[in-house]
Amino acid sequence: QVQLVESGGGLVQPGGSLTLSCAASRGFTDLTDFYAIGWFRQAPAGAREGVSCTSIRETSADYADSVKGRFTISKDNTKNTVYLHMNNLKPEDTAVYFCALSRWSFRALGTARLGSHMYDIWGQGTQVTVSS
(Lines give C-alpha, C1' and ligand atoms only; values in the text may rest on other atoms or scores of the structure.)
Protein backbone atom coordinates (compact mmCIF):
# COMPACT_ATOMS: atom_id res chain seq x y z
CA GLN A 1 0.00 0.00 0.00
CA VAL A 2 1.45 3.34 -1.00
CA GLN A 3 1.73 6.07 1.64
CA LEU A 4 1.88 9.83 1.21
CA VAL A 5 3.70 12.22 3.54
CA GLU A 6 3.19 15.97 3.35
CA SER A 7 5.65 18.53 4.68
CA GLY A 8 6.55 22.19 4.37
CA GLY A 9 3.69 23.81 6.23
CA GLY A 10 4.17 26.62 8.68
CA LEU A 11 3.34 30.17 9.67
CA VAL A 12 3.72 32.85 7.00
CA GLN A 13 2.70 36.47 6.74
CA PRO A 14 0.13 37.62 4.18
CA GLY A 15 1.78 38.05 0.81
CA GLY A 16 4.41 35.47 1.65
CA SER A 17 5.25 32.15 0.01
CA LEU A 18 5.50 28.50 1.00
CA THR A 19 6.22 25.30 -0.87
CA LEU A 20 4.54 22.10 0.29
CA SER A 21 5.91 18.66 -0.54
CA CYS A 22 4.09 15.36 -0.88
CA ALA A 23 6.39 12.33 -0.96
CA ALA A 24 5.11 8.92 -2.05
CA SER A 25 6.53 5.75 -0.49
CA ARG A 26 6.72 4.13 -3.91
CA GLY A 27 8.05 5.39 -7.20
CA PHE A 28 5.59 7.13 -9.47
CA THR A 29 6.40 4.60 -12.19
CA ASP A 30 5.32 1.83 -9.79
CA LEU A 31 1.94 3.41 -9.09
CA THR A 32 0.23 1.52 -11.90
CA ASP A 33 -3.15 1.71 -10.16
CA PHE A 34 -3.09 5.49 -9.75
CA TYR A 35 -3.20 8.18 -12.35
CA ALA A 36 -3.66 11.56 -10.68
CA ILE A 37 -2.44 13.29 -7.54
CA GLY A 38 -4.10 16.26 -5.94
CA TRP A 39 -3.76 18.84 -3.21
CA PHE A 40 -6.69 19.61 -0.94
CA ARG A 41 -7.18 21.80 2.09
CA GLN A 42 -9.53 21.95 5.04
CA ALA A 43 -10.01 24.96 7.24
CA PRO A 44 -11.38 24.64 10.78
CA ALA A 45 -15.09 23.84 10.64
CA GLY A 46 -14.87 23.81 6.85
CA ALA A 47 -15.32 21.25 4.12
CA ARG A 48 -12.35 19.70 2.34
CA GLU A 49 -11.63 21.78 -0.75
CA GLY A 50 -9.73 20.78 -3.87
CA VAL A 51 -6.81 23.12 -4.59
CA SER A 52 -4.87 21.61 -7.48
CA CYS A 53 -4.22 18.31 -9.20
CA THR A 54 -1.94 16.86 -11.81
CA SER A 55 -1.53 13.75 -13.87
CA ILE A 56 1.14 11.43 -12.50
CA ARG A 57 2.53 10.58 -15.93
CA GLU A 58 1.75 13.72 -17.88
CA THR A 59 2.00 17.45 -17.35
CA SER A 60 -1.71 18.23 -17.24
CA ALA A 61 -2.80 20.24 -14.20
CA ASP A 62 -5.83 22.00 -12.84
CA TYR A 63 -6.44 24.63 -10.16
CA ALA A 64 -9.28 25.94 -8.07
CA ASP A 65 -10.33 29.45 -9.08
CA SER A 66 -9.37 30.71 -5.63
CA VAL A 67 -5.68 29.87 -6.18
CA LYS A 68 -5.19 30.34 -9.93
CA GLY A 69 -2.26 32.61 -10.62
CA ARG A 70 -0.92 32.17 -7.08
CA PHE A 71 -0.33 28.41 -6.67
CA THR A 72 1.61 26.08 -8.95
CA ILE A 73 1.74 22.30 -8.80
CA SER A 74 4.85 20.47 -9.94
CA LYS A 75 6.42 17.05 -9.51
CA ASP A 76 9.83 15.47 -9.42
CA ASN A 77 9.60 11.88 -10.61
CA THR A 78 13.14 11.12 -9.44
CA LYS A 79 12.08 11.94 -5.87
CA ASN A 80 8.52 10.59 -6.10
CA THR A 81 7.41 13.98 -4.84
CA VAL A 82 4.72 16.46 -5.81
CA TYR A 83 5.02 20.09 -4.78
CA LEU A 84 2.57 22.91 -4.25
CA HIS A 85 4.25 26.28 -4.66
CA MET A 86 2.12 28.91 -2.96
CA ASN A 87 2.69 32.63 -3.54
CA ASN A 88 0.90 35.77 -2.40
CA LEU A 89 -0.69 33.86 0.45
CA LYS A 90 -3.83 35.23 2.06
CA PRO A 91 -5.35 34.62 5.50
CA GLU A 92 -8.12 32.64 3.82
CA ASP A 93 -5.50 30.14 2.63
CA THR A 94 -5.09 29.04 6.25
CA ALA A 95 -5.92 25.33 6.44
CA VAL A 96 -4.54 21.84 6.78
CA TYR A 97 -3.26 20.82 3.36
CA PHE A 98 -3.48 17.21 2.18
CA CYS A 99 -2.27 15.38 -0.88
CA ALA A 100 -4.09 12.38 -2.30
CA LEU A 101 -3.91 9.81 -5.08
CA SER A 102 -6.72 8.94 -7.47
CA ARG A 103 -7.32 5.73 -9.42
CA TRP A 104 -9.06 7.77 -12.08
CA SER A 105 -7.14 9.11 -15.05
CA PHE A 106 -6.80 12.87 -15.27
CA ARG A 107 -9.06 12.91 -18.30
CA ALA A 108 -11.67 10.63 -16.76
CA LEU A 109 -11.83 12.80 -13.66
CA GLY A 110 -13.14 15.56 -15.88
CA THR A 111 -14.98 18.23 -13.94
CA ALA A 112 -14.52 16.18 -10.75
CA ARG A 113 -10.74 16.59 -10.77
CA LEU A 114 -10.85 18.58 -7.56
CA GLY A 115 -13.50 16.47 -5.87
CA SER A 116 -12.13 14.78 -2.77
CA HIS A 117 -14.49 11.82 -3.25
CA MET A 118 -12.52 10.86 -6.38
CA TYR A 119 -9.31 10.26 -4.43
CA ASP A 120 -8.40 7.11 -2.59
CA ILE A 121 -5.10 7.41 -0.72
CA TRP A 122 -4.51 10.37 1.59
CA GLY A 123 -1.60 11.79 3.52
CA GLN A 124 -1.83 13.03 7.09
CA GLY A 125 -1.78 16.72 6.21
CA THR A 126 0.40 19.73 6.99
CA GLN A 127 -0.79 22.96 8.62
CA VAL A 128 -0.48 26.27 6.79
CA THR A 129 -1.25 29.42 8.75
CA VAL A 130 -1.27 32.82 7.08
CA SER A 131 -1.30 35.56 9.65
CA SER A 132 0.46 38.79 10.54
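- Side-chain heavy atoms closer than 4.5 Å link hydrophobic residues (I, L, V, M, F, W, Y) into clusters, and following such links, even through other members, never connects Val82 to Phe98.
- At least one side-chain heavy atom of Arg26 sits less than 4.5 Å from a side-chain heavy atom of Leu31.
- No donor-acceptor pair under 3.5 Å is formed between the side chain of Tyr63 and the backbone N or O of Gly69.
- At a threshold of 4.0 Å, the pair Asp65-Lys68 counts as salt-bridged, since one of the basic side-chain nitrogens sits closer than that to a carboxylate oxygen.
- Going from atom CD1 of Ile56 over to atom OG of Ser105 covers 11.0 Å, rounded to the nearest 0.5 Å.
- Within a 6.0 Å radius of CZ in Arg103, more than 12 heavy atoms belonging to other residues, nucleotides or ligands are found.
- Considering CG of Asn77 and CZ of Arg57, their distance stands at 9.5 Å, rounded to 0.5 Å.
- The shortest side-chain heavy-atom distance between Thr94 and Gln127 falls under the 4.5 Å cut-off.
- Heavy-atom minimum distance, Ile37 versus Ile73: O-CD1, 4.3 Å.
- A tilted orientation is assigned to the rings of Phe40 and Trp122, their planes being inclined by 30° to 60°.
- Here the side chains of Val128 and Arg41 are not in contact, with every heavy-atom distance at 4.5 Å or above.
- Summarising the geometry, atom OG1 belonging to Thr126 is positioned 11.0 Å from atom CG belonging to Leu84; distances are rounded to the nearest 0.5 Å.
- Of all heavy-atom pairs between Ser55 and Lys75, the closest is O-NZ, 3.0 Å.
- Closest non-hydrogen pair, Tyr119 versus Cys53, comes out as OH-CB, 3.4 Å.
- Taking the ring centre of Phe106 as origin, the terminal cationic atom of Arg113 falls inside the region bounded by 6.0 Å and 45° from the ring axis.
- Aromatic rings of Trp39 and Phe71 (six-membered ring for Trp) have centroids beyond the 6.0 Å cut-off, not under it.
- Inter-residue side-chain proximity for Tyr35 and Leu109 is flagged as unmet; no heavy-atom pair is nearer than 4.5 Å.
- The neighbour count for Gln3 CD, taken as heavy atoms of other residues, nucleotides or ligands under 6.0 Å away, does not exceed 12.
- Contact between Val2 and Ala24 at its shortest, heavy atoms only, is CG2-CB, 4.3 Å.
- One finds the OH atom of Tyr97 at 12.5 Å from the CD atom of Glu6 (value rounded to the nearest 0.5 Å).
- Ser60 places no side-chain N or O within 3.5 Å of a backbone atom of Thr54 that could act as its donor or acceptor partner.
- Ala100 approaches Leu4 most closely through the heavy-atom pair CA-CD1, 3.7 Å.
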Would you tabulate the side-chain donor-acceptor contacts of residues 9-21 under 3.5 Å, counting partners in other chains and residues two or more places apart, or write 'none'?
unit_1	atom_1	unit_2	atom_2	d
Ser17	OG	Asn87	OD1	2.9
Thr19	OG1	His85	ND1	3.2

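- Across all their heavy atoms, Asp76 and Phe28 have their closest contact at O-CE1, 4.3 Å.
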Are Ser66 and Glu49 close enough, and set up right, to give a side-chain contact (heavy atoms from CB on, under 4.5 Å), and what steps lead you there?
-> CA-CA 10 Å; Ser66 59; Glu49 172 192 18; 3.5 Å; yes

